[in-house]
Amino acid sequence: MEQFRVTKVQPSYWRVTFGNGPANLIDPDTVEQLATLTTEMENDPALTVVVFRSETPGYFMAHWDFLSDTRRVVAMKPGPTGLHPYVDNFVRLSRLPIATIAEVRGRARGAGSEFVLATDIRFASDQAIFGQFEIGVGSVPGGGAMARLSRLAGRGRALEILLGGDDIPAARAADYGYVNRVVPDAELEAFTDGFARRIAAFDRVAVTGIKKLVDEATLPPDTEFAEGLKSYFATAGRPEHRPFVQLLFNNGLQQPDGIERDLGTTIGDLRQSPSAGGHQR
């Protein structure tokens, strides 16, 4: 199934709609398809701006699919940067010689949040929710959240987000620098489209030149992403956390109307409940 649907609004402006199941999970197919899409964006000489969006109610990109084939992920060959394809995609996305905009409706947590952080500009619906809940399941985020959030939000707020593992409503995300701004949900698509069309009307050489210099001043080095993914592989899926993850599935993990709706908050509540296995080490 094609997860990224490309609409070429103009030669210089694409809208890319992500869709993968009722909660928009990210899985190994996502990684492979995003790599192909990124190559297409890199190689199109007319392209100036891309908007990433979702039409799945309540979800931009929920998070990584806990039921995906781990062996397939581990066996993936490095991408063009020399990094594992999961991280390679985000590094290449952030370095594209074009402007990338995330139009975020609904939830963007974990891997979904890491995708959003890799884009250049992030506009959020007033109903959007962000978060890095990985600490709640005993793992370190693997897609660059530490490297990017610390630069966007500052050290203290990055640690609040990452160590708290809680849901971050759109208004707070904007206050913290996690996203650029919040727009009323009914106005988000028109607002983002208008901004993208403005960029698309400008000279690509100028857009690329500005982006390159901002990248040089602000993007983390590749070593930080490599270390983050290494820590993720070392911590994710440890046996002592499997009963807790099963408890989450029993409560509707990866189902759009289950625990997914308030995932970060609920994980924290369950972890503090000894009867629910909350004090596992």
Side-chain angles (χ1 to χ4, degrees), residues 1-6 14-38 41 50-68 73 85-94 100-125 127-134 136-137 139 141-145 148-149 152 161-162 165 167-170 173 178-180 185 188-189 192 229 232 236 248 252-264 267:
M1 183 188 79
E2 290 298 318
Q3 298 181 12
F4 295 94
R5 189 178 80 245
V6 178
W14 294 3
R15 289 173 67 81
V16 178
T17 303
F18 178 71
N20 187 28
N24 267 9
L25 296 169
I26 296 175
D27 60 23
D29 288 339
T30 315
V31 175
E32 293 177 352
Q33 292 182 29
L34 180 57
T36 299
L37 175 62
T38 301
M41 293 187 290
V50 174
V51 171
F52 291 97
R53 59 195 296 274
S54 162
E55 292 178 346
T56 302
Y59 295 92
F60 179 80
M61 291 180 173
H63 51 74
W64 183 259
D65 184 352
F66 281 77
L67 300 178
S68 62
V73 176
Y86 177 71
V87 174
D88 174 85
N89 281 339
F90 294 156
V91 170
R92 292 171 65 205
L93 180 63
S94 65
T100 56
I101 303 171
E103 176 189 300
V104 185
R105 273 199 172 93
R107 293 151 183 82
R109 301 186 183 102
S113 166
E114 290 168 341
F115 179 97
V116 168
L117 290 169
T119 60
D120 299 325
I121 298 165
R122 295 160 293 281
F123 296 139
S125 158
Q127 299 176 26
I129 296 173
F130 301 84
Q132 298 286 163
F133 67 91
E134 289 90 340
V137 291
S139 66
R148 297 192 194 278
L149 275 173
L152 289 170
I161 294 165
L162 293 160
D167 289 340
I168 308 295
Y178 204 149
V179 300
N180 287 66
D185 186 75
L188 179 64
E189 183 174 342
T192 306
L229 189 62
Y232 171 77
L248 298 180
L253 182 68
Q254 305 195 169
Q255 301 300 316
D257 296 321
I259 197 175
E260 284 291 342
R261 297 187 64 83
D262 303 298
L263 184 59
I267 282 179

Report task. For Tyr59, check ring-ring contact (aromatic ring centres under 6.0 Å, His included) against everything at least two apart and list the hits. Result -> none

Report summary line: For Ile101, the side chain to side chain contact (heavy atoms under 4.5 Å, CB included) test, sequence neighbours excluded, returns Val49, Val51, Ile121, Phe123, Thr192, Phe195, Ala196, Ile199

**Report entry** Side chains of Leu34 and Phe90 in contact at under 4.5 Å (non-hydrogen atoms)
**Finding:** yes

Query raised in the report: Between Trp64 and Tyr86, what is the ring plane arrangement, given parallel below 30°, perpendicular above 60°, and tilted in between?
Result: perpendicular

Report task. Find out whether Glu114 and Gln132 are in side-chain contact, i.e. whether some heavy atom of one side chain is under 4.5 Å from a heavy atom of the other. Result -> yes

Report task. Measure the shortest side-chain to side-chain distance between Ser139 and Phe133 over non-hydrogen atoms and say whether it is less than 4.5 angstrom. Result -> no

Report task. List for me each residue that meets side chain to side chain contact (heavy atoms under 4.5 Å, CB included) alongside Glu32, sequence neighbours excluded, and say none if there are none. Result -> Asp29, Arg72, Met76

Query raised in the report: Measuring from Phe60:CZ to Asn24:CG, what's the distance to the nearest 0.5 Å?
Result: 8.5 Å

Query raised in the report: What is the minimum heavy-atom distance between Arg148 and Ser94, and which atoms define it?
Result: NH2-OG, 3.5 Å

Query raised in the report: Within the distance-only criterion (no hydrogens, no angle test), does the side chain of Arg105 pair as donor or acceptor with the backbone N or O of Gln127 below 3.5 angstrom?
Result: no

Query raised in the report: Should Glu260 and Gln254 count as side-chain neighbours, where that means a heavy-atom distance under 4.5 Å?
Result: yes

Report task. State which residues pass side-chain hydrogen bond (donor to acceptor under 3.5 Å, both in side chains) with Arg109; sequence neighbours excluded, sorted by chain then number. Result -> Asp167

**Report entry** Minimum heavy-atom distance Ala170-Ser125, with the two atoms named
**Finding:** CB-O, 3.2 Å

Report summary line: Residue set satisfying side chain to side chain contact (heavy atoms under 4.5 Å, CB included) with Thr100, at least two apart, ordered chain then number -> Phe52, Leu93, Leu96, Ile98, Thr119, Asp120

Requested in this report: Could you grab the distance from atom CZ of Arg53 to atom OG1 of Thr17, nearest 0.5 Å is fine?
Outcome: 4.0 Å

Requested in this report: Could you go through the side-chain contact (heavy atoms from CB on, under 4.5 Å) check for Leu152 and Arg122 one step at a time?
Outcome: CA-CA 12 Å; Leu152 289 170; Arg122 295 160 293 281; 3.5 Å; yes

Requested in this report: Would you mind telling me which of Asn89, Asp88, Val73, Val87 makes a side chain to side chain contact (heavy atoms under 4.5 Å, CB included) with Val31?
Outcome: Asn89

Query raised in the report: CG/Leu248 to CG/Leu253 distance, rounded to the nearest 0.5 angstrom?
Result: 5.5 Å

Query - Atom pair OG/CD1 of Ser113 and Ile168 - distance to nearest 0.5 Å - result: 9.5 Å

Requested in this report: Supply the atom-to-atom distance Arg107 CZ to Ser54 OG, rounded to the nearest 0.5 angstrom.
Outcome: 11.5 Å

Report summary line: Sorted by chain and number, sequence neighbours left out, side chain to side chain contact (heavy atoms under 4.5 Å, CB included) with Thr30 holds for Gln3, Phe4, Phe18, Asn20, Ile26, Asp27

Query raised in the report: Which heavy atom of Pro141 sits nearest a heavy atom of Ala145, and at what distance?
Result: CB-CB, 4.0 Å

Requested in this report: Can you see which heavy atom on Thr56 is nearest to which on Gly19, and at what distance?
Outcome: OG1-CA, 4.5 Å

